[in-house]
Amino acid sequence: MEKKIVLIDGHSILNRAFYGLPDLTNSEGLHTNAVLGFLNIMFKILDEEKPEYLTVAFDLNKPTFRHEMFQEYKGTRKSMPEELREQVPIMKEVLKAMGVNIVEKAGFEADDVLGTIAKTCEKEGYEVSLVSGDRDLLQLATDKIKIRIPKTKMSGTEVENYNTADVIEKYGVTPKQFIDLKGLMGDTSDNIPGVPGIGEKTATKIISQYDSIENAYEHVEEITPNKAREALKNHYDLAVLSKTLATIKTDCHIDFHISQAEIKNLTNEEAFVYFKKLEFKNLISRFQVDVSHNEGVEKLFKIITDFVEAENVFNKLLSQKTDDQSVVVGLQLIRENSTILGISLTFSEKDIYFIKVEGLISAAYLQDKVKNIVDHNYLIATNDLKSQLDFILATEKDPIADLGIGAYLLNPLKSTYHYDDIARDFLNLIIPNESELFGKISLIKAMDGSPEEFKNFCCYQGYVNYLGYDKLMKALKDTNMEQLFREIEMPLVFALFDMEQRGIGVNEGELKAYSERLGVKIAQLEKEIYELAGEEFNISSPKQLGVILFEKLRLPFGKKTKTGYSTSADILEKLVIEHPIVSFILEYRQLTKLKSTYADGLTAFISEDKRIHGKFHQTIAATGRISSTDPNLQNIPIRMELGRAIRKAFIPKEGYIFVDADYSQIELRVLAHMSGDEKLIAAYKEAQDIHRITASQVFHTPLEEVTPLQRSNAKAVNFGIVYGISSFGLGQDLNISRKEAESYINKYFETYPSVKNFLDELVAQGKKDGYVTTIFGRRRPIPELTSSNFMQRSFGERVAMNSPIQGTAADIIKIAMIRVNRKLKELNYRSRLILQIHDELLIEAHEEEKEQVMAILKEEMQNAAILSIPLEVDVNIGSNWYEAK
DNA sequence: GTAATCACG
DNA sequence: ACGTACGTGATTACT
């Protein structure tokens, strides 16, 4: 059996993959579809063939290249889209990491290189598989050279295979004759002219009969039809030239030795780094994640279960001097739910421990030791501090850093910032994460089941914290975000922890009564809807609802989604006049939403203490906002009265009241400040009603004469500006034409030219740097700005305009939260900050402190940032959240 | 697991 | 010609 070599036409396959897969990106916004598709094809072929050798050929310095898609158009060469261009170097790096032989030779076409290598290998007795998306290569097919053309189909990748016989069967000519065939018929995409007037059919007939162009010319008088005969007579030179152009060279001088093409370990550690970075989750399963990775470090990992040894470890650490805070301690609490399993502790390259709760080593003992370390001013490096603050009894005054938050500031677009993410992104270290190690098995089970993996899992966390600290702090310094990190994000961790601990009081009985009332009403609506529809169906299924409304009742459908008719509220609202069923459906939707998400949903979160302890997340939103889950307390209804009533169920504890404060139009004020627009600043300095004064200035109408319509239009434009204005979006919102929306926007920009200038500047900055920043230096990367796709690029532009505004507002309220929380504690007040809703803070205030609390809230919120216009804050009190707002 | 819908700022 | 407003999270249906 001959040995096998697989040759891949690099650009051709990359191109195929790019157009065959949807536009995938990793969490950093890097486009990855072409690379993924290439690797999928490559692995499929390798799995089938199990070759000994592999080589990929790329063209060099070729700014454009062909693709079948374009041939169908004009045969013009279209330049490579940016999304594909940026994947070419990545592809090469990935292949290099896998140890794959890459051939790229200046001055040669990939076809010629592949042809040469294929023939050379054939001569030396190897079996050759030549993988390309390009049918030109069929001329190289022999019994030993198989041309393989992958096709991306619904069911996955299928490959067409061509040896000599297959070419003859499919095209009626031999591979060698294929060149002559092309010489006659030409190939527009390859700039091969061919003979005018001779197409595929005629060319095939002639070549199969006469074997070659030259021979056909000798018998030219016999050729039929007449048209073809004359064409060949008149254009013989062109035919010969075309044949030369179509011939793939097989005798290039390239230094190729089969030994270079030997397949090494493709799934090695270096490649693993790339696969992780590109987030190829499926392909990663090809790598056996075994614990022998990073064997060197893992040998140093120690698990401590003996009390005396634990004492020795702590004593060793405590004997190191900390006057200058130079000793970094990587620390991570390891626990499952409420069970504390131990602590991961690293304080030098060699002191890497997991100290396990066992025997005399109790959780309380460890907590005490950790407190001792904190009190001695060691520099603590940990990850997700908020989740550990019930154990690590630190305060915001202590020198402690949360690496997850640091990594979030450096790239807020990622989805997780776990120890393996930090290790990969900052230490170039690939280590298995929890699910790779244990799957769905619980930590407690893994502790006994796979002790070695468990030890490594635990030790790595402290180790990564220890090593990552310097790297992250340097990166934050280099990006001017050190102050943001130290003075806003880290102190905020403590404020959010406090809020989660405190929770908010809920009247469970009221919530349940509310749910029952809704239930009754929903049942009535259901009945009426079924009656009007003439049948029963699932009203909550957009699919079934669409059939009823748009097919059975024949209502005009406004919009379609990918899967069917759109039944969204804004579409249905336009249909209210068409049929009485529509308003019932809208009401049904509203009530079921209130019941399931709020009345019943919230009830499920009430804990023993009759309070809801939601979670606040600091590393989710790309703009720097906080987010809320389990439950989401930042989207409790307020706009509609019926929903707003839910807020009556949120109550302060006995002896307390709610004090609620919210910023008035903070984002517009931030915009006025950041843009420095004189007229806008002047307007907002005096304005009671910002939208009204905007309307007055934009529509050149005296303030008193502004109509309600003008005001609401101005309001919509103001929102639009903050969202990153587009005439389409504004038109959609106001239900007016794009043209009209455009004229509103133009009027706005004429009135406030510096705003226009500012927004343009943000887009330009985003394009130049790849990111935009808030006043406090927070960054938002915008990879979409380089996209060649209009939609994506436009999105990037809106993000560039919106993020600095939304982000600065987020920074400001974070500062206010920290100061308010701090002040209430300093003054030993019983009042507590319990919620943040983006521009609003809610305090559960002791009745005796309410006046002071109102003053503190207003003061700290207004002065959290000093802008060129004052920040206005509205403060209200109430015996429940409904009243306080 | 994704799409559609809708709640908030 | 293209076809979306910015930022989130929860529920439901359905593959």
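Excluded from the calculations below are hydrogen atoms, water molecules and symmetry mates; all remaining heavy atoms, backbone and side chain alike, are included. Labels below follow one simple rule: chain letters A, B, ... track the order of the sequence lines, proteins then strands, and each chain is numbered from 1.
A:Glu667 comes within 4.0 angstrom of nothing in the nucleic acid, heavy atoms only. Within 4.0 Å (heavy atoms only), A:Gln806 reaches at least one base atom of the nucleic acid. Within the 4.0 angstrom heavy-atom criterion, no nucleotide atom of any strand lies near A:Ala604. Counting non-hydrogen atoms under 4.0 angstrom, A:Ile837 reaches the backbone sugars and phosphates but no base. A:Gly724 comes within contact range of no nucleotide atom at all, as no heavy-atom separation falls under 4.0 Å. Here A:Asp733 lies in heavy-atom contact (under 4.0 Å) with a base. Within the nucleic acid shown, A:Ala810 has no heavy atom closer than 4.0 Å to any nucleic acid atom. Contact annotation for A:Asn789: no contact, since no heavy-atom pair falls under 4.0 Å across all strands. Residue A:Arg780 is classed as a sugar-phosphate contact, given heavy-atom separations below 4.0 Å to backbone atoms only.
For A:Thr567 and B:dT5, the shortest distance from a side-chain N or O to OP1 or OP2 is below 4.0 Å. For A:Gln665 and B:dG9, the shortest distance from a side-chain N or O to OP1 or OP2 is not below 4.0 Å.
The side chain of A:Thr597 has C:dA10 as its nearest neighbour among C:dC6, B:dC6, C:dA10. Considering only the side chain of A:Arg589, B:dC6 comes nearest among C:dT4, B:dC6, C:dT11. Closest approach to the A:Arg798 side chain among C:dA5, C:dA13, C:dG7 is made by C:dA5 (side chain taken as heavy atoms from C-beta onward).
Atom name P, nucleotides C:dA5 and B:dC6: the rounded distance is 14 Å, in whole Å. The separation of C:dC2 from B:dT5, taken at their P atoms, amounts to 22 Å, rounded to a whole angstrom.
In the region residues 614-643 of chain A, proximity to DNA chain B at under 4.0 angstrom, judged on heavy atoms, holds for A:Arg625, A:Gln634, A:Asn635, A:Ile636, A:Pro637, A:Ile638, A:Arg639.
Looking only at atom types and distance, the side chain of A:Asp874 has no donor-acceptor partner in the side chain of A:Ser664 under 3.5 Å away.
Nearest-nucleotide mapping onto DNA chain C: of A:Lys543 and A:Phe719, the residue sitting toward the 5' end is A:Phe719.
Following rounding to the nearest Å, A:Leu594 (CG) and B:dT5 (P) show an atom-to-atom distance of 18 Å. Straight-line distance from the CD1 atom of A:Ile571 to the P atom of B:dC6: 10 Å, rounded to whole Å. In this structure, CD of A:Glu587 is placed 17 Å from C1' of B:dA7, rounded to the nearest angstrom. The distance from atom NZ of A:Lys595 to atom P of B:dC6 is 19 Å, rounded to the nearest whole Å. Atom P of nucleotide B:dC8 and atom OH of A:Tyr663 are separated by 23 Å, given to the nearest angstrom. Rounded to an integer number of Å, the gap from CG of A:Asp660 to P of B:dG9 is 11 Å. Here B:dC8 presents its P atom at 20 Å from CD1 of A:Ile666, a figure rounded to the nearest Å. The interatomic distance linking A:Leu841 (CG) with B:dG9 (P) rounds to 14 Å, in whole Å.
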Given A:Ser787 and A:Glu784, is the side chain to side chain donor-acceptor pair (under 3.5 Å) satisfied, shown in steps?
CA-CA 5 Å; A:Ser787 174; A:Glu784 294 89 350; over 6 Å; no
A:Arg779 and A:Asp769: CA distance, side-chain angles, deciding distance, salt bridge (charged side-chain N to carboxylate O under 4.0 Å, His left out) verdict:
CA-CA 11 Å; A:Arg779 288 186 181 200; A:Asp769 302 330; over 6 Å; no
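Side chain A:Ser568 to base B:dT5: no donor-acceptor pair is found below 3.5 Å.
Taking the six-membered ring where the residue is Trp, A:Phe275 and A:Phe280 present perpendicular rings, their angle passing 60° and hence far from 30°.
Note: A:Phe584 and A:Tyr588 fail the aromatic proximity criterion, with ring centroids not under 6.0 Å apart.
With A:Tyr882 as the aromatic partner, A:Lys648 meets the cation-pi criteria of under 6.0 angstrom to the ring centre and within 45 degrees of the ring axis.
In this pair, A:Phe795 does not lay its aromatic ring on the base of C:dT4; centres under 5.5 Å and planes under 30 degrees do not both hold.
In this structure, the separation between OH on A:Tyr530 and CD1 on A:Ile548 is 10.0 Å, given to the nearest 0.5 Å.
Across all strands shown, C:dA1 remains unpaired; no Watson-Crick or G-U wobble contact has both distances below 3.5 Å.
The local environment of NZ in A:Lys885 is crowded, with over 12 non-hydrogen atoms from other residues, nucleotides or ligands closer than 6.0 Å.
The heavy-atom pair separating A:Ile651 from A:Phe658 by the smallest distance is C-CZ, 3.4 Å.
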